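Every chain is numbered from 1 and lettered A, B, ... according to where its sequence line falls, protein lines coming before strand lines. These figures come from a predicted structure and were not determined experimentally. Atom set for the values below is all heavy atoms of this structure, side chains included, hydrogens, waters and symmetry mates excluded.
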There are 2 protein chains.
Amino acid sequence: MTVALDGFDVKLLAALQDNAALTNAELGEIISLSASQVSRRRSKLEEAGVIRGYRAALDPEALGLTVTAFVGVTLGAHSKENARKFRNMVKAMPEVQEAHTLTGDLDYMLKIVVADLKALSNIINDELLPQEAVHHVRSSIAMETLKDDNLLPLGSS
Amino acid sequence: MTVALDGFDVKLLAALQDNAALTNAELGEIISLSASQVSRRRSKLEEAGVIRGYRAALDPEALGLTVTAFVGVTLGAHSKENARKFRNMVKAMPEVQEAHTLTGDLDYMLKIVVADLKALSNIINDELLPQEAVHHVRSSIAMETLKDDNLLPLGSS
DNA sequence: AGTGAAAAACAATGGCG
DNA sequence: CGCCATTGTTTTTCACT
C-alpha cells in the first residue's frame, strides 16, 4: 500500500520513531495538531504499514550481550536449494540481527549479537560453516559502537 | 546500575522488544503475571536503563528510502583531532544508522540509509571523503534485506 | 482539512492476603 | 507476588465546523 504522506505525517513519524511512548496529546503539541487528529493519522499509518510496529529498545550490555560482529559470508555451490536453506536458517537464528545480500565480493552480510566471543565462535563453526551452501566466512568484531540507533532519516531529524 | 534479571524480567523484555504496544494486562497473560506486577517491573527496568526507550519501527520503502549501504572507512592520518572530527560528524549525520569501529583492516563500518544511489554518492563525495581523517571509502549496497529486525537474542540464545 | 468533549480503556498506586 | 479497588491519564469516537 502506498500512502501520500504530508508534512504532519512525516513529523509525526519522526517523533514516534524517536520516542514511541509519547501520548497523542504530546505528539499533538510537537506537530501542532489536536490529539484526536494524531490518533486518526496514527491509525492510518499503522494500517498502511508505514508504521510496522512498536519496539522497546534494550541495552545489550545490561543483558550480557557484549559482542557485536559483522560476518561476511560467501556461498560456494550456488544450488537453489542450498541457498534457500541458508536463508531460512539465517532468518531463524535469533543472534542474527540483520542479514543482507550485497553487491561486491561478499554474498551475505550478517550482523550478529552474542554474549561473548566463544558464543560467536560456536555460531560460526557449528551453524554457519556446516551449511552446504557456505563457502567462506569472515567476521569482524565491533570494538566500539559510536551509534546504533537505526533511526531513519526523515528530513527533520 | 546493574540489575539482577529473573525469568519474568527476561520474558517481559522479550515480549516488549517484539511489541511495545502490548498493554500490561496482555503482557501479564503472556508471562503469567498480574498487570500490576508487570507495571512495577517495567518501571524498574526503565529506571535501571535496561529499557532504553520505545521506538516506532518504520518501513523505509514507504518513506522513499530505497538504498541501504554498508560503508567501510579507513582513516589515514591518525591525528586525534581529525579522528574526533570524523566521529562527531558521523554521529551527527541522520543518514548514518550505525557506526562501529572494527577489528581487521577497516577502521569504521557505517550503515547508511538514503533515498537513492545519487544521495549515497553525494554523502560519500561531499561529506565523507572531504574529511581530512578519511583515507579510503568502500561501499557495498544491500540488494536485498532478508532480516532487519535488530531484536536482541533473549532466552533463546 | 480541522476541533473539542464525552465515553471507554488503560496505567499506576496502595492495601491486604 | 496475586488480587482488588481507586485515581488519574490517555485513547478513541462522535458531533460539529
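For the atom pair CG (B/L129) and NE2 (B/H135), the distance works out to 11.0 Å, reported to the nearest 0.5 Å. The line from CD of A/E98 to CD1 of A/I112 is 11.5 Å long, rounded to the nearest 0.5 Å.
The salt bridge (charged side-chain N to carboxylate O under 4.0 Å, His left out) analysis of residues 6-21 of chain B, with sequence neighbours excluded, yields the pairs B/D6-B/R41, B/D9-B/R41.
In this structure A/T74 satisfies the side chain to side chain donor-acceptor pair (under 3.5 Å) test with no other residue, sequence neighbours excluded. B/E26 meets the salt bridge (Lys or Arg N to Asp or Glu O under 4.0 Å) test with no other residue; sequence neighbours excluded.
Using a 4.0 Å heavy-atom cutoff across all strands shown, B/S32 reaches sugar-phosphate atoms only and no base atom.
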Exercise for the section: Would you sketch DNA chain D in dot-bracket for me? Only Watson-Crick or G-U wobble pairs with both distances under 3.5 Å count, crossing pairs as [ ], other-strand pairs as |, the rest as dots. Expected result: ||||||||||||||||.
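Counting to the nearest Å, the C1' atom of D/dG2 and the CG atom of B/L27 are 17 Å from each other. Nucleotide C/dG4 holds its P atom 11 Å from the CG atom of A/L33, rounded to whole Å.
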Atom pairs and distances, side-chain donor-acceptor, residues 54-66 of chain A, under 3.5 Å, sequence neighbours left out:
unit_1 : atom_1 : unit_2 : atom_2 : d
A/Y54  : OH     : A/E46  : OE2    : 2.6
A/R55  : NH1    : B/D149 : O      : 3.1
A/D59  : OD1    : A/E61  : N      : 3.2
A/D59  : OD1    : B/R52  : NH2    : 3.3
A/T66  : OG1    : A/A115 : O      : 2.5

Problem - Under 4.0 Å protein heavy-atom contacts per nucleotide of nucleotides 9-16 of chain C, with B for base, S for backbone only and - for none - result: -SSSBB--
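Remark: side-chain polar atoms of A/T101 are paired, donor with acceptor, to backbone N or O of B/E144 under 3.5 angstrom.
A salt bridge links B/R84 to B/E81: at least one charged side-chain nitrogen sits closer than 4.0 Å to a carboxylate oxygen.
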